[in-house]
Amino acid sequence: MPAVSKGDGMRGLAVFISDIRNCKSKEAEIKRINKELANIRSKFKGDKALDGYSKKKYVCKLLFIFLLGHDIDFGHMEAVNLLSSNKYTEKQIGYLFISVLVNSNSELIRLINNAIKNDLASRNPTFMCLALHCIANVGSREMGEAFAADIPRILVAGDSMDSVKQSAALCLLRLYKASPDLVPMGEWTARVVHLLNDQHMGVVTAAVSLITCLCKKNPDDFKTCISLAVSRLSRVGTPSSSLGRQELGHGHHPSWFARRAGHSARCVPFISPEDAAVKGRLVECLETVLNKAQEPPKSKKVQHSNAKNAILFETISLIIHYDSEPNLLVRACNQLGQFLQHRETNLRYLALESMCTLASSEFSHEAVKTHIDTVINALKTERDVSVRQRAADLLYAMCDRSNAKQIVSEMLRYLETADYAIREEIVLKVAILAEKYAVDYSWYVDTILNLIRIAGDYVSEEVWYRVLQIVTNRDDVQGYAAKTVFEALQAPACHENMVKVGGYILGEFGNLIAGDPRSSPPVQFSLLHSKFHLCSVATRALLLSTYIKFINLFPETKATIQAVLRAGSQLRNADVELQQRAVEYLTLSSVASTDVLATVLEEMPPFPERESSILAKLKRKKGPGAGSALDDGRRDPSSNDINGGVEPTPSTVSTPSPSADLLGLRAAPPPAAPPASAGAGNLLVDVFDGPAAQPSLGPTPEEAFLSELEPPAPESPMALLADPAPAADPGPEDIGPPIPEADELLNKFVCKNNGVLFENQLLQIGVKSEFRQNLGRMYLFYGNKTSYSSRILTHCGPPGDLQTHILSGPLAVQTKRVAAQVDGGAQVQQVLNIECLRDFLTPPLLSVRFRYGGTPQALTLKLPVTINKFFQPTEMAAQDFFQRWKQLSLPQQEAQKIFKANHPMDAEVTKAKLLGFGSALLDNVDPNPENFVGAGIIQTKALQVGCLLRLEPNAQAQMYRLTLRTSKEPVSRHLCELLAQQF
């Protein structure tokens with residue numbers, strides 16, 4: 001790169017920067033910047049032509065001002081003019097300005113492309129590098145289309161300088177990641193592989209990065225790169241060779257090239273058996289690295305250790321990837337074992353992570369097990385939660401029948417003090433290990449009950465469903481399970497999940513322990529009923545089913561249970577499900593004969609054998625990258641899994657395939673509402689999805705809807721409850737302000753319930769909702785519009801770790817977190833149960849956070865929940881309407897607005913919008929048939945607000961007059977504003 005002469009110091013720029021730094025306040029800085037902007041603008045518009053130096057200086061000042069956070073709306077043309085300069089410093093500043101400030105949709109892009117083409121054709125290596133850097137920095141599709149064919153030619157040209165080749169390789173890599181379809185595959189792909197033999201290490205490293213990316217999509221085209229990469233590694237790692245002496249950095253081969261070459265080797269197919277020579281050289285290289293790791297460090301510098309360890313871990317990853325050399329796998333395990341007690345936290349973390357993968361290999365599993373005591377100690381004593389989590393992962397991976405009880409016991413002991421962030425994951429792992437390696441089913445029952453006792457809030461439905469399945473299917477454990485759960489229920493403080501398990505097991509198998517006076521039928525019923533008033537509606541519904549089972553099992557309890565069912569608190573219960581069950585069960589026990597009762601309430605048949613859904617839940621929680629560590633690819637030969645087959649549960653439904661409209665909201669009808677996981681319906685009889693499920697009497701569709709939309713339970717561990725603060729107060733989380741178009745997006749949903757709420761090039765958020773009375777259910781669909789599968793979402797391309805948080809005061813909003821993984825072109829669904837507690841003016845805020853290209857992204861939207869969603873249409877006669885209209889005659893009860901029509905005035909469209917708004921349209925009420933009259937009641941938990949409206953269109957003037965009268969002043973004004981924006 002040319003040296004910068006003293007004349008290029010740009011003293012004016014230095015003085016300006018000094019002035020900015022010396023400003024005492026923000027106002028002084030803005031004043032100085034405005035003065036400078038005015039001066040630059042006058043220079044650019046002046047009659048006197050500026051020389052290259054002056055243009056460069058002023059463009060630099062504009063760039064500096066932009067980096068301070070101020071908008072720049074001029075100077076772009078001057079920067080483009082600098083590209084035609086023959087001076088390096090002027091051309092460099094021009095390219096820098098364009099890379100930072102010019103938008104890919106700018107009108108100047110054609111001029112810029114012409115300047116870049118001239119520099120690429122100039123054969124001046126310095127100018128060519130600047131042009132390539134600009135293409136890579138902008139990385140737009142337009143530039144890709146313009147130069148995708150030229151850059152490969154420059155890359156493989158024999159007369160290209162090393163620096164140009166390096167820049168071309170990295171530029172092509174950037175374009176390929178942004179738009180893979182624009183990069184043509186041709187004969188250059190075969191020639192680029194031979195860049196691995198280049199003498200310049202920078203060219204080789206850049207070529208390795210490019211080849212690694214290309215071979216992920218076309219691995220068969222790059223098989224030959226393995227032999228070249230292995231050959232280069234063997235030469236670099238041999239100190240006796242001249243190349244090795246040239247390239248040795250700190251006593252070992254250059255770390256960056258070695259890591260990239262190793263990573264590239266893992267991205268292509270396995271070495272075929274006939275490539276014995278290549279495989280031998282690779283094994284020799286790997287052994288050399290492992291041997292060097294045992295040597296004492298030649299330097300105490302941190303850089304030396306980091307480079308050495310980077311190569312070592314990449315080598316171990318490559319050994320694990322090929323999984324064919326038992327000796328290397330065991331040596332890698334022993335080397336990682338030395339890092340488990342290293343003083344560097346990062347090394348301990350990486351060692352635990354790599355050993356998790358080694359534990360899945362049949363060659364190294366036993367070697368990993370030798371470090372069990374060290375891993376258990378790390379689980380107990382590590383200060384960093386991420387290291388403790390990796391230790392738990394490793395214990396899970398190394399578990400087999402020989403050490404299952406020890407590992408489960410240690411994980412249960414750790415669970416009592418574990419961080420809240422990882423408790424649910426540990427619960428799932430303990431449940432899986434206890435089921436998979438259970439020889440004695442009584443131990444399995446004890447383990448799951450201990451799990452509920454220690455961390456009941458984190459025991460999901462899949463876990464306690466599973467223990468009920470297994471107990472029902474195993475005659476030899478039913479009596480023990482009934483006795484154990486009976487003893488567990490005697491604790492003064494008992495988690496609700498324990499009550500659910502106890503209610504089901506005692507209802508089915510309580511007769512097996514009824515012979516003991518300490519667990520006689522009245523004692524069992526009394527124990528369960530003592531928990532009844534402390535439980536949620538769902539658990540109470542299950543207990544009522546247990547009571548009717550008791551009448552069949554223990555006739556002596558019939559009178560006591562009928563008295564409970566007959567109580568006013570049950571027959572007149574506010575919850576329709578509990579009321580219906582009490583009425584039906586009381587009638588069944590009173591009318592049915594003993595034989596009929598025994599037939600209806602007979603013991604549940606065994607469930608069909610199928611795979612546990614707990615493993616699927618754990619995979620979803622860990623993401624796709626952890627699939628290999630969680631799959632049962634390495635099965636213990638002595639393992640006798642409790643269940644087999646596939647379980648078609650709702651939690652294992654696959655993600656929809658990609659489509660142009662990810663959500664299907666633009667044409668498809670709303671889907672049937674899924675059963676609410678926390679709902680009260682049918683929890684005992686058909687809690688499992690399968691042939692064994694028995695149909696039960698259900699309420700009417702409207703009653704079922706309202707029963708499923710019970711108010712959110714604050715104690716629910718899976719619920720993300722609304723913050724009690726109003727929307728303007730973000731509460732504990734830093735919820736940003738809504739995006740500028742949030743109001744416009746919200747207005748689209750005032751008169752409709754389904755549609756696309758937000759969409760950009762990465763993410764599509766769709767909404768489907770339904771409301772009745774003061775309750776509502778909303779489905780949010782988060783669609784990944786990119787073509788990559790990733791954790792939602794951390795890899796380059798798609799959105800990253802998606803989290804949602806909903807803030808609202810007058811609304812109670814209950815939802816579960818979004819799944820952590822979304823495949824490319826797929827979507828995840830989030831269900832919200834909403835209860836309107838009182839009237840409100842501001843909609844809830846929905847904050848969506850994710851990562852794109854490694855950069856955290858956040859957007860805040862207004863959730864389409866407005867007060868009119870809780871309208872109950874009301875039919876009224878003309879006389880009643882006018883009587884009520886006169887009663888609401890106070891000035892503060894009326895809101896009126898006269899406004900110009902923003903859309904064509906169509907009577908049918910107006911009628912549809914008013915119906916969508918929620919009110920009932922009353923015919924033959926207004927003397928003028930052109931006018932529209934409506935009535936409705938806004939339903940909230942605290943009160944009901946009556947509403948009357950009148951819309952008077954004037955087609956000649958293209959105007960509307962809208963009048964609303966309600967019993968509350970703020971509601972009148974707010975409804976008037978909402979409705980007026982629709983016409």
Side-chain angles (χ1 to χ4, degrees), residues 661 663 665-666 670 726-728 735-760 763-771 776 778-781 806-808 810-811 813 832 834 836 839-848 859-871 873 895-919 921 932 934 936 938 945 947 949-953 958-964 966 970-983:
D661 178 18
L663 309 178
L665 292 172
R666 301 187 176 109
I735 303 299
I739 61 176
E741 60 270 27
D743 288 327
E744 179 184 349
L745 297 174
L746 176 68
N747 286 336
K748 294 194 304 182
F749 286 86
V750 171
C751 294
K752 68 175 184 177
N753 291 332
N754 302 336
V756 177
L757 176 61
F758 174 82
E759 186 169 11
N760 61 12
L763 186 67
Q764 184 186 60
I765 302 177
V767 175
K768 293 183 181 180
S769 55
E770 51 184 336
F771 297 86
M778 179 175 290
Y779 301 90
L780 293 177
F781 300 86
I806 299 162
L807 298 176
S808 179
L811 297 176
V813 183
L832 281 65
I834 304 166
C836 181
D839 58 279
F840 62 97
L841 306 181
T842 306
L845 296 182
L846 172 66
S847 176
V848 183
L859 61 95
T860 302
L861 305 170
K862 291 186 177 181
L863 204 65
V865 181
T866 47
I867 187 67
N868 65 293
K869 298 296 183 184
F870 302 98
F871 249 133
Q896 188 175 90
K897 188 168 186 178
I898 301 173
F899 54 94
K900 192 169 184 62
N902 294 320
H903 307 284
M905 300 180 70
D906 185 293
E908 291 302 318
V909 173
T910 302
K911 182 187 249 185
K913 287 184 177 180
L914 289 173
L915 289 173
F917 192 67
S919 66
L921 285 182
F932 298 90
I938 294 175
V945 182
C947 176
L949 68 87
R950 186 184 189 196
L951 181 65
E952 303 169 82
Q958 291 290 298
M959 302 279 288
Y960 288 100
R961 179 167 67 182
L962 175 63
T963 308
L964 271 115
T966 72
V971 176
S972 301
R973 286 188 278 103
H974 184 56
L975 287 176
C976 188
E977 290 292 335
L978 281 177
L979 189 54
Q981 293 171 1
Q982 305 305 308
F983 300 102

Check your understanding: Going through the distances and angles, do M778 and K869 end up as a side-chain contact (heavy atoms from CB on, under 4.5 Å)?
Key -> CA-CA 11 Å; M778 179 175 290; K869 298 296 183 184; over 6 Å; no
**Study point:** Pair L915-L921, side-chain contact (heavy atoms from CB on, under 4.5 Å): steps then yes or no
**Key:** CA-CA 7 Å; L915 289 173; L921 285 182; 4.0 Å; yes
Check your understanding: So V813 and V865, side-chain contact (heavy atoms from CB on, under 4.5 Å) or not? Walk me through it.
Key -> CA-CA 11 Å; V813 183; V865 181; over 6 Å; no
Exercise for review: Show the numbers, then the answer: is there a side-chain contact (heavy atoms from CB on, under 4.5 Å) between I867 and H974?
Suggested key: CA-CA 9 Å; I867 187 67; H974 184 56; 3.5 Å; yes
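Heavy-atom neighbours of E744 CD from other residues, nucleotides or ligands within 6.0 Å: at or below the threshold of 12. Atom NZ of K748 is surrounded by more than 12 heavy atoms from other residues, nucleotides or ligands within 6.0 Å.
Checking side-chain atoms of N868 against main-chain N and O of G918 turns up no donor-acceptor pair under 3.5 Å. At least one donor-acceptor pair closer than 3.5 Å links the side chain of Q982 to the backbone N or O of N747.
Taken to the nearest 0.5 Å, the CG atom of L962 stands 11.5 Å off from the CZ atom of R950. For the atom pair NZ of K911 and CG of L951, the computed distance is 13.0 Å after rounding to the nearest 0.5 Å. Rounding to the nearest 0.5 angstrom, the gap separating the OG atom in S847 from the CG atom in L861 is 8.5 Å. Atoms OG1 and CG, on T866 and L841 in that order, are 11.5 Å from each other to the nearest 0.5 Å. Note that CD of Q764 and CZ of F758 are 10.5 Å apart. Values are rounded to the nearest 0.5 Å. Once rounded to the nearest 0.5 Å, the distance linking CZ of F917 with CG of L978 reads 5.5 Å.
Summarising the geometry of Y960 relative to A901, their closest heavy-atom pair is CE1-CB, 3.6 Å, with the distance given to 0.1 Å. Residues F983 and H903 share a closest heavy-atom pair of C-CD2, 3.6 Å. Looking at every heavy atom in both residues, P737 comes nearest to T860 through O-CB, 3.5 Å. Here the shortest heavy-atom pairing between P843 and L746 reads CG-CD2, 3.7 Å. What you find for P953 and M905 is that their closest heavy atoms are CB-CE, 3.6 Å. The minimum heavy-atom distance between L811 and C836, with the atom names listed, is CD2-CA, 3.6 Å.
Counting only heavy atoms from C-beta outward, the side chains of L949 and L975 never approach each other to under 4.5 Å. A heavy-atom distance below 4.5 Å is not found between the side chains of L745 and K862. Side-chain contact between L757 and P864: present, with at least one pair of heavy atoms (C-beta onward) separated by less than 4.5 Å. Within the 4.5 Å cutoff, no side-chain heavy atoms of I938 are placed close to those of D839. The side-chain heavy atoms of V767 and L863, taken from C-beta on, include no pair separated by under 4.5 Å.
Remark: S919 engages no residue in a side-chain hydrogen bond (donor to acceptor under 3.5 Å, both in side chains) (not counting sequence neighbours).
The aromatic rings of F771 and F870 lie perpendicular to each other, with more than 60° between the two planes, well past the 30° mark.
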